[in-house]
Amino acid sequence: MHASPVAPSMSAERSGPLPSKQRVVNDFSIQVGTVNGSGSQTANNVLMRSIFQMGVPVSGKNLFPSNIAGLPTWFTIRASKQGYIGRKKEIDFLVAMNPETAREDVMNLAPGTAAVYDAPLNLNELRDDIHFYPVPFDKLVAPVCPEAKLRKLVRNMIYDGVVAHLLGIDLEEMRKALYKQFGEKKKKAAELNWGAVLAGRDYAEKNLVKTDPYWVEPMDKTAGKLILDGNTAAALGCLFAGVTVLTWYPITPSSALAEALISYLGRFRHDEETKKATYAVVQAEDELASIGMAIGAGWAGARSMTCTSGPGISLMSEFIGLAYFAEIPVVVVDVQRVGPSTGLPTRTMQGDIVSNALLSHGDTHHPVLFPSSPEECFTMAQEAFDLAEQFQTPVFMNMDLDLGMNNWMSEAFPYPEKPLVRGKVLDAEALRKLGGFARYKDVDGDAIPYRTLPGTDHPGAAYFTRGTGHNEKAGYSEREDDWIHNMDRLNRKFENMRTQAPAPDVHYMEGARVGLVCCGTSRYAVRESRDQLSRERGLNPSWLRLRSYPFSKELEEFIDRHDRVYVVDQNRDGQLLMLMRLEMTPERIGKLRSVRYYGGLPLDARTVTDEIVRQEGL
């Protein structure tokens with residue numbers, strides 16, 4: 001038996017008669033339990049988008065197994081009139097389609113929730129405090145889909161029709177969402193599936209009496225907004241950043257980013273006259289090769305990148321150290337998953353924070369960006385390339401699986417208006433004026449040396465890139481003073497990034513003595529938790545969302561203004577807190593507290609709230 005990954009931690013017991021019905025509008029979560037490989041993703045996306053098109057803020061989380069088809073999978077949809085788009089821990093409306101998990105899914109529901117289920121499962125015999133809606137899916141799908149091989153795919157659309165009727169979802173919006181999902185080239189498939197939706201709606205209308213309190217009503221909270229995943233948004237950001245070289249090796253959950261970028265490059269990156277590609281994409285034999293090629297392309301002047309996840313990061317360690325010391329720009333997008341080892345490839349975690357910040361041996365520090373939304377995946381991808389070339393160093397963009405692979409409601413992306421920042425690159429004219437240059441010399445006092453690009457038409461443009469000990473002219477050196485001088489300069493360069501990397505998002509509450517700190521997708525749980533703490537416990541904490549490392553002065557100021565600061569981590573060891581402790585004074589460290597979740601599911605607000613309440617003794 002596979003346990004439901006989205007069930008509340010409390011066990012639901014029989015409580016006698018159903019509670020009195022109160023109308024709950026645009027504020028609930030739906031869980032759909034199906035079988036991996038059954039085609040349910042289409043039905044789930046259509047259901048989610050239908051609610052979105054009615055103007056209701058939504059989010060969708062796909063929780064699927066990492067190995068083979070036939071295992072359980074769950075999709076959760078959250079509708080929130082308040083605009084909360086993080087995962088909700090509690091399930092309000094269940095669609096139980098998988099015989100293997102249906103009974104446990106139902107037993108984990110809280111009293112008063114609703115459950116649509118495949119009639120032969122007889123789930124209504126399990127409890128008397130749930131609003132049950134049995135539906136004979138196999139009987140309904142047969143007339144709609146004469147071809148038996150397709151029925152397992154089409155039958156999922158029947159629950160869309162049933163749920164639409166029960167929740168009051170506008171059927172026209174569902175039709176629009178369905179045809180958008182299939183596109184212009186698959187009209188025949190869309191018509192077949194639309195027939196299944198209507199069959200579900202008709203059955204529910206004639207045979208089911210609504211007793212649950214959940215409804216969808218039109219709002220106006222989604223105008224101008226998008227629904228997309230972070231991987232797609234990041235790929236667009238890399239395109240707009242001017243990336244010309246992508247090297248990669250397939251790994252969940254970053255492969256979709258590479259695939260999306262390859263598609264965009266194929267559409268938009270060709271010479272207008274020759275029609276030849278103006279980019280290069282290489283699927284390497286492993287992650288070690290992919291980062292090596294990306295670094296080589298960065299040295300040659302390309303805007304280069306790779307994308308990977310935790311296991312790939314581990315393999316890249318030595319090459320990243322080379323790029324740091326040789327001062328070569330390259331961007332690494334890490335879509336984090338659960339580790340260590342192979343871990344859980346289709347579960348989410350923010351477990352590579354410390355490894356990326358300090359990756360490689362010796363004294364290394366790397367800038368890390370923490371996007372939290374598709375919009376920031378788009379904008380921070382561009383900032384990552386600018387920072388890499390401005391500071392001549394590897395830059396990490398730490399996403400996580402929840403952001404990369406799941407559906408998010410997002411603001412429309414801002415069109416880039418600033419020119420690309422290529423940094424200190426000497427062309428032939430500049431070299432003629434200088435009469436030459438030393439590759440690793442700090443000319444301007446900002447710790448950033450000048451560089452040239454291969455092919456520059458000047459005899460003084462050539463230079464050696466050294467990963468071994470070197471002096472200012474890139475000559476081999478084991479002299480103590482050369483090594484110390486170089487390492488101190490690299491450290492000053494890193495310190496200068498504190499004012500150039502994306503600043504934190506800070507929200508001070510008047511009189512607050514407690515603060516919350518987070519990064520990435522934790523923002524959604526933290527924002528909602530803050531409201532829960534205020535509403536339920538009278539605690540009104542301030543909160544700060546870190547958007548990058550190295551940390552800026554705003555973080556120190558935030559800690560100074562509060563008595564206790566809770567650092568929210570999506571990993572076991574409190575890695576964000578760990579990184580903060582490396583830089584803070586003992587007085588500031590003494591104020592820090594840890595809130596950690598590492599179960600592999602998207603972080604929910606209730607988990608954060610309960611832990612803060614426990615530690616505060618409220």
Side-chain angles (χ1 to χ4, degrees), residues 6-8 10 12-32 44 46-61 75-96 105-106 108-117 123-124 127-135 159-174 177 197 200-223 409 528 531-532 534-536 604-606 609:
V6 290
M10 57 172 280
E13 300 178 353
R14 291 180 181 235
S15 60
L18 292 169
S20 60
K21 182 170 65 176
Q22 292 182 336
R23 192 176 177 89
V24 179
V25 178
N26 300 340
D27 189 16
F28 56 85
S29 62
I30 303 171
Q31 174 182 290
V32 182
N44 297 331
V46 168
L47 180 57
M48 178 188 64
R49 189 169 285 277
S50 301
I51 300 172
F52 172 78
Q53 290 172 184
M54 290 182 67
V56 182
V58 295
S59 62
K61 311 290 187 187
F75 191 90
T76 62
I77 300 170
R78 183 173 189 182
S80 171
K81 61 186 177 184
Q82 299 95 342
Y84 299 133
I85 57 176
R87 183 175 73 89
K88 184 180 180 183
K89 190 171 187 177
E90 303 81 11
I91 299 302
D92 302 308
F93 199 106
L94 172 69
V95 180
D105 287 347
V106 165
N108 281 322
L109 292 174
T113 54
V116 171
Y117 68 95
L123 299 180
N124 59 319
R127 299 176 60 172
D128 59 9
D129 57 354
I130 300 294
H131 302 275
F132 283 111
Y133 301 107
V135 178
Y159 67 69
D160 274 9
V162 173
V163 174
H165 173 73
L166 290 172
L167 294 180
I169 297 173
D170 188 329
L171 212 63
E172 176 59 20
E173 296 299 343
M174 184 163 282
V197 172
R201 188 280 311 269
D202 292 345
Y203 178 84
E205 193 172 54
K206 295 173 183 177
N207 298 279
L208 302 180
V209 178
K210 182 176 175 67
T211 58
D212 70 88
Y214 304 108
W215 292 91
V216 176
E217 292 183 359
M219 293 180 67
D220 60 354
K221 298 294 186 181
T222 63
M409 187 178 72
E528 187 176 357
D531 292 348
Q532 290 176 351
S534 175
R535 182 175 62 251
E536 299 169 7
D604 67 275
R606 184 57 59 185
T609 298

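Note that the structure is predicted; figures quoted are calculated from it, not measured. Residue numbers start at 1 and run along the sequence shown.
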Peer 1: Tell me, with the steps shown, if V135 and Y159 meet side chain to side chain contact (heavy atoms under 4.5 Å, CB included).
Peer 2: CA-CA 8 Å; V135 178; Y159 67 69; over 6 Å; no
Peer 1: Rounded at 0.5 Å granularity, tell me how far CD1 in I91 sits from CD1 in I30.
Peer 2: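 The CD1 atom of I30 is 9.5 Å from CD1 of I91, to the nearest 0.5 Å.
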Peer 1: Please tell me if the side chains of P134 and Y117 come closer than 4.5 Å, counting only heavy atoms from C-beta onward.
Peer 2: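 Yes, close enough: below the 4.5 Å cut-off.
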Peer 1: Within the 4.5 Å heavy-atom criterion, are V216 and V25 side-chain neighbours or not?
Peer 2: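 No. Closest side-chain heavy atoms not under 4.5 Å.
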Peer 1: So, taking the atom named OG1 in T113 and the one named CZ in F28, what distance separates them when rounded to the nearest 0.5 Å?
Peer 2: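 T113 atom OG1 to F28 atom CZ measures 13.0 Å (nearest 0.5 Å).
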Peer 1: Less than 4.5 Å apart, any side-chain heavy atom of E217 and any of R23?
Peer 2: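 They are in side-chain contact.
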Peer 1: Hey, are the side chains of D531 and Y84 touching, using non-hydrogen atoms and a 4.5 Å cut-off?
Peer 2: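 Yes, side chains in contact.
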Peer 1: Nearest 0.5 Å, what's the CD1-CG distance between I130 and L94?
Peer 2: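 Output value for this atom pair is 9.0 Å.
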Peer 1: Any side-chain to backbone donor/acceptor pair from Q53 onto E173? Under 3.5 Å, distance only.
Peer 2: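 Pair found, side chain donor or acceptor close to backbone of E173.
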Peer 1: Any salt bridge linking D129 with R127? Criterion: basic side-chain nitrogen under 4.0 Å from a carboxylate oxygen.
Peer 2: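 Result for this pair is yes, salt bridge flagged.
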Peer 1: Check for a donor-acceptor pair, side chain of D92 on one end and backbone N or O of S29 on the other, with a separation under 3.5 Å.
Peer 2: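 Pair found, side chain donor or acceptor close to backbone of S29.
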Peer 1: Is there a salt bridge (charged side-chain N to carboxylate O under 4.0 Å, His left out) between K81 and D27? Walk through the geometry before answering.
Peer 2: CA-CA 6 Å; K81 61 186 177 184; D27 189 16; 5.3 Å; no
Peer 1: Would you give the length of the straight line joining atom CE of M174 to atom CD1 of I169, rounded to the nearest 0.5 angstrom?
Peer 2: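 Reported value, rounded in 0.5 Å steps: 4.5 Å.
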Peer 1: Is there a donor-acceptor pair closer than 3.5 Å between any side-chain N or O of T211 and the backbone N or O of H131?
Peer 2: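 No, T211 side chain to H131 backbone: no donor-acceptor pair under 3.5 Å.
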Peer 1: Of the non-hydrogen atoms in T222 and G55, which two are nearest, and what is the gap between them?
Peer 2: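 Heavy-atom minimum between the residues: OG1-CA, 3.1 Å.
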Peer 1: Among side-chain atoms of N207 and Y133, is any donor-acceptor pair under 3.5 angstrom?
Peer 2: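 Short answer, no.
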Peer 1: Under the criterion side chain to side chain contact (heavy atoms under 4.5 Å, CB included), I'd like the reasoning laid out for V106 against F132: C-alpha separation, chi angles, the key distance, then a yes or no.
Peer 2: CA-CA 10 Å; V106 165; F132 283 111; 3.9 Å; yes
Peer 1: Between the main-chain N or O of L166 and the side-chain N or O of K210, is there a donor-acceptor pair closer than 3.5 Å?
Peer 2: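 It does hold such a pair.
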Peer 1: Got a second to check how far K61's NZ is from I85's CD1, nearest 0.5 Å?
Peer 2: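 K61 atom NZ to I85 atom CD1 measures 7.5 Å (nearest 0.5 Å).
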Peer 1: How long is the span from the CD atom in E172 to the CE atom in M54, to the nearest 0.5 Å?
Peer 2: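 So the gap between those two atoms works out to 12.0 Å.
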